[in-house]
Chemist: 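Sharing a structure, written as structure tokens. Questions coming.
The chain is numbered in sequence order, starting from 1.
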Amino acid sequence: MSNATSAAEAAALSAALQSLTPAQQAEAVTLSGAQLLELLHAPARLLTNGQLLTILLYLYAIGVFLCGAIVLATLIDPKRLLRTTTDRLTMGLVSTCFVWAVGRAVIHALEGVDQLSFQNQGAAAFSNIMILLLFALNSHLAMERYFQVMEQPYGRHFLALLWSFFGLTTAIVLWMFSSSPTSDGIKPDNSPHQAIWLALLCGHYLTTSIVMTWFYVRTYRYSAKQFAENPDLATFFMKDKDGYTDDPEVLELVRLRVEREILTKCVALSATVMVLYAPFLTYQIQSYVVGPIPFFDMTAVYYDISVILVALDVIVTPLLVFFFKREVREAFMFWK
């Protein structure tokens, strides 16, 4: 009976280990017998590693298709889709998502057939740099939208500071993953490197969130003020269905519609970055503070959700571009 019980516990423990995140599996080898028994009765992950890998592969594959379609449309008709700086920045965002989606799809495919380890330092550095680049491009886009509606003599200084910060953090990421191994393919293992990595990523996220919120709020408020002071501006935003009239009621409706569109864009673009990356960074902070195997909560489930949300960025970003940019929709003739 004792041998049968031990065999059953061993099988259950093996299954529990398989359900851990990569970082937790690496940490599990250092646990005592009592801690391993505690692990046996710990809450299970939402998904096994294989299931999570499959979901991520599909998400990045969808991202490759969506982003690739927009990139292809841009290459076919660049004069129409790259007319302004905002257009070019938007396509820069989509192109970055495309490169990231292709890279991660290839990485996960190789991991699925055991041709690449999830502990690969190059793959980890690649993902981190892509995330930092997306943060920088989102910040630049928010600044550019504001500079379009309001002259800013120090605009170039803001942009130079932004991209200098990105260059510095990219160099730090390359240094960290060239001098420290990684157990989970996300962050470096060495304690000093891990602290720097967490501060760097959280700092970039907070900076991006603050910059986007501040500039988008300023853009909306300034635009609303301009409409209030110059009602005739609404005539520039009239559509065929508005009838091209100077009727005050029609102009007021046009003004309200334009303000709503501006507000919707600002909220959607800011919220996307904040919502998709906040759970991932919160998990990493918790993991750093309490260790990679907290047995008494649902951290493992939270890990699955957080990495899926990050992967969704390569799908949400091109969908927002489709929704907000009429020229892109017309390029595909799907939605006039």
Chemist: List the steps, then state whether side chain to side chain contact (heavy atoms under 4.5 Å, CB included) holds for Leu89 with Leu137.
Modeler: CA-CA 7 Å; Leu89 285 172; Leu137 286 168; 4.3 Å; yes
Chemist: Just checking, any donor-acceptor pair under 3.5 angstrom between side chains of Asp313 and Trp100?
Modeler: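 Per modelled atom types, Asp313 and Trp100 side chains form no pair under 3.5 Å.
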Chemist: Has the side chain of Asn120 got a donor or acceptor atom that lies under 3.5 Å from a matching backbone atom of Ala123?
Modeler: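 A pair under 3.5 Å: yes.
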Chemist: Under 3.5 Å, is there a donor on one side chain and an acceptor on the other for Tyr60 and Arg104?
Modeler: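 Per modelled atom types, Tyr60 and Arg104 side chains form no pair under 3.5 Å.
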Chemist: Has Thr213 got a side-chain atom pairing as donor or acceptor with Ile210's backbone, closer than 3.5 angstrom?
Modeler: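 Not at all, since once roles are kept as given, no pair shorter than 3.5 Å links the two residues.
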Chemist: Would you confirm whether the ring centroid of His193 sits within less than 6.0 angstrom of the ring centroid of Phe177?
Modeler: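 No: the rings miss the under 6.0 Å criterion.
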Chemist: Does the side chain of Asp87 pick up a donor-acceptor pair with the side chain of Thr84 at under 3.5 Å?
Modeler: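 There is such a pair (donor and acceptor under 3.5 Å, judged by atom type) between the side chains of Asp87 and Thr84.
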Chemist: On a heavy-atom basis, which atom in Leu57 and which in Ala105 lie closest, and how many Å separate them?
Modeler: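 So the minimum-distance heavy-atom pair works out to CD1-O, 3.3 Å.
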Chemist: Transitively linked via ILVMFWY side-chain contacts under 4.5 Å: Leu168 with Met176?
Modeler: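 Hydrophobic grouping puts Leu168 with Met176.
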Chemist: Hey, any chance Leu72 and Val328 share a hydrophobic cluster, counting ILVMFWY side chains that come within less than 4.5 Å of each other, even indirectly?
Modeler: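 Shared cluster, no.
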Chemist: What's the shortest heavy-atom distance between Phe323 and Arg329, and which atoms?
Modeler: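 So the minimum-distance heavy-atom pair works out to O-NH1, 2.5 Å.
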Chemist: Looking only at non-hydrogen atoms, find the nearest pair between Gly185 and Ala124 and report the distance.
Modeler: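 Heavy atoms of Gly185 and Ala124 come nearest at O-CB, 3.3 Å.
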Chemist: For Thr74, run the side-chain contact (heavy atoms from CB on, under 4.5 Å) check against Ile70, Ile76, Val71 and tell me which one passes.
Modeler: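 The residue from Ile70, Ile76, Val71 that satisfies side-chain contact (heavy atoms from CB on, under 4.5 Å) with Thr74 turns out to be Ile70.
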Chemist: Of the options Val321, Ile315, Val314, which is the one that meets Leu66 in a side-chain contact (heavy atoms from CB on, under 4.5 Å)?
Modeler: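 Option passing the side-chain contact (heavy atoms from CB on, under 4.5 Å) with Leu66: Ile315.
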Chemist: Can you get from Leu161 to Val211 by hopping between Ile, Leu, Val, Met, Phe, Trp and Tyr side chains that sit under 4.5 Å apart?
Modeler: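 Shared cluster, no.
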Chemist: With under 30° as parallel and over 60° as perpendicular, where do the rings of Phe215 and Phe158 fit, or are they tilted in between?
Modeler: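 Plane angle over 60°, so perpendicular.
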Chemist: Can you tell me how far the CG atom of Leu81 sits from the CE atom of Met91, to the nearest 0.5 Å?
Modeler: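 Between atom CG of Leu81 and atom CE of Met91 there are 5.0 Å.
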Chemist: Report yes or no: does Ser180 contribute a side-chain atom to a donor-acceptor pair with the main-chain N or O of Asn190 at less than 3.5 Å?
Modeler: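 Checking the backbone N and O of Asn190 against the side chain of Ser180, a donor-acceptor pair under 3.5 Å is found.
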Chemist: To the nearest 0.5 Å, what is the distance between CZ (Phe165) and OG1 (Thr208)?
Modeler: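 So the gap between those two atoms works out to 8.0 Å.
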Chemist: Considering only heavy atoms from C-beta outward, does the side chain of Leu198 approach that of Leu200 to under 4.5 Å?
Modeler: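 They are not in contact (no side-chain heavy atoms under 4.5 Å apart), so the answer is no.
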Chemist: Is it possible for you to say whether Ile107 and Val113 belong to one hydrophobic cluster, with membership spreading through side-chain heavy-atom contacts below 4.5 Å?
Modeler: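 Different clusters: Ile107 never reaches Val113 through Ile, Leu, Val, Met, Phe, Trp or Tyr contacts under 4.5 Å.
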Chemist: Within a strict 4.5 Å, meaning less than it, do heavy atoms of the Val99 and Phe126 side chains meet?
Modeler: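 Touching, per the 4.5 Å side-chain cut-off.
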Chemist: Give a yes or no answer on whether the side chain of Ser287 reaches the backbone of Tyr283 with a donor-acceptor pair at less than 3.5 Å.
Modeler: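 The answer is no, because no donor-acceptor pair under 3.5 Å joins these two groups.
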Chemist: For the side chain of Tyr277 and the backbone of Thr272, is there at least one donor-acceptor N/O pair under 3.5 Å apart?
Modeler: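 Checked: no pair found.
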Chemist: Report the distance from atom CG of Asn138 to atom CG of Leu93, rounding to the nearest 0.5 Å.
Modeler: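 Output value for this atom pair is 5.0 Å.
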Chemist: In Å and rounded to the nearest 0.5 Å, what is the CG to OG1 distance from Leu132 to Thr96?
Modeler: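 OG1 of Thr96 is found 11.5 Å from CG of Leu132.
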Chemist: Given the rule that I, L, V, M, F, W and Y join up when any side-chain heavy atoms are under 4.5 Å apart, are Leu320 and Val275 in one cluster?
Modeler: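 No.
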Chemist: Trp197 versus Asn128: any side-chain heavy-atom pair under 4.5 Å?
Modeler: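 Of all side-chain heavy-atom pairs linking Asn128 with Trp197, at least one is under 4.5 Å.
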Chemist: Which atom pair, heavy atoms only, marks the closest approach of Leu309 to Pro279?
Modeler: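 Closest pair (atom of Leu309, atom of Pro279, distance): CD1-CG, 3.5 Å.
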Chemist: To the nearest 0.5 Å, what is the distance between CG (Leu134) and OG (Ser139)?
Modeler: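 Reported to 0.5 Å precision, the distance equals 11.0 Å.
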Chemist: Kindly indicate whether the side chain of Tyr216, heavy atoms from C-beta on, has any atom under 4.5 Å from the side chain of Leu141.
Modeler: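 Answer yes - side chains close enough.
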Chemist: Minimum heavy-atom separation for Val273 to Tyr205, with atom names?
Modeler: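 Nearest pair, atom of Val273 first, then Tyr205: O-CE1, 3.7 Å.
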Chemist: With rounding to the nearest 0.5 Å, note down the distance linking CE in Met143 to OG1 in Thr85.
Modeler: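 It comes to 14.5 Å.
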Chemist: Report the C-alpha separation of Asp304 and Ser306 in whole Å, then their side-chain angles, then the decisive distance to 0.1 Å, and conclude whether the side-chain hydrogen bond (donor to acceptor under 3.5 Å, both in side chains) test is met.
Modeler: CA-CA 6 Å; Asp304 294 336; Ser306 69; over 6 Å; no
Chemist: Considering non-hydrogen atoms only, spot the tightest contact between Asp189 and Gln194 and give its length.
Modeler: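 Reported closest heavy-atom pair: O-NE2, 3.5 Å.
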Chemist: Can you find a pair of side-chain heavy atoms, one from Gln284 and one from Leu201, that are under 4.5 Å apart?
Modeler: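 A side-chain contact is absent here, since even the closest heavy-atom pair is not under 4.5 Å.
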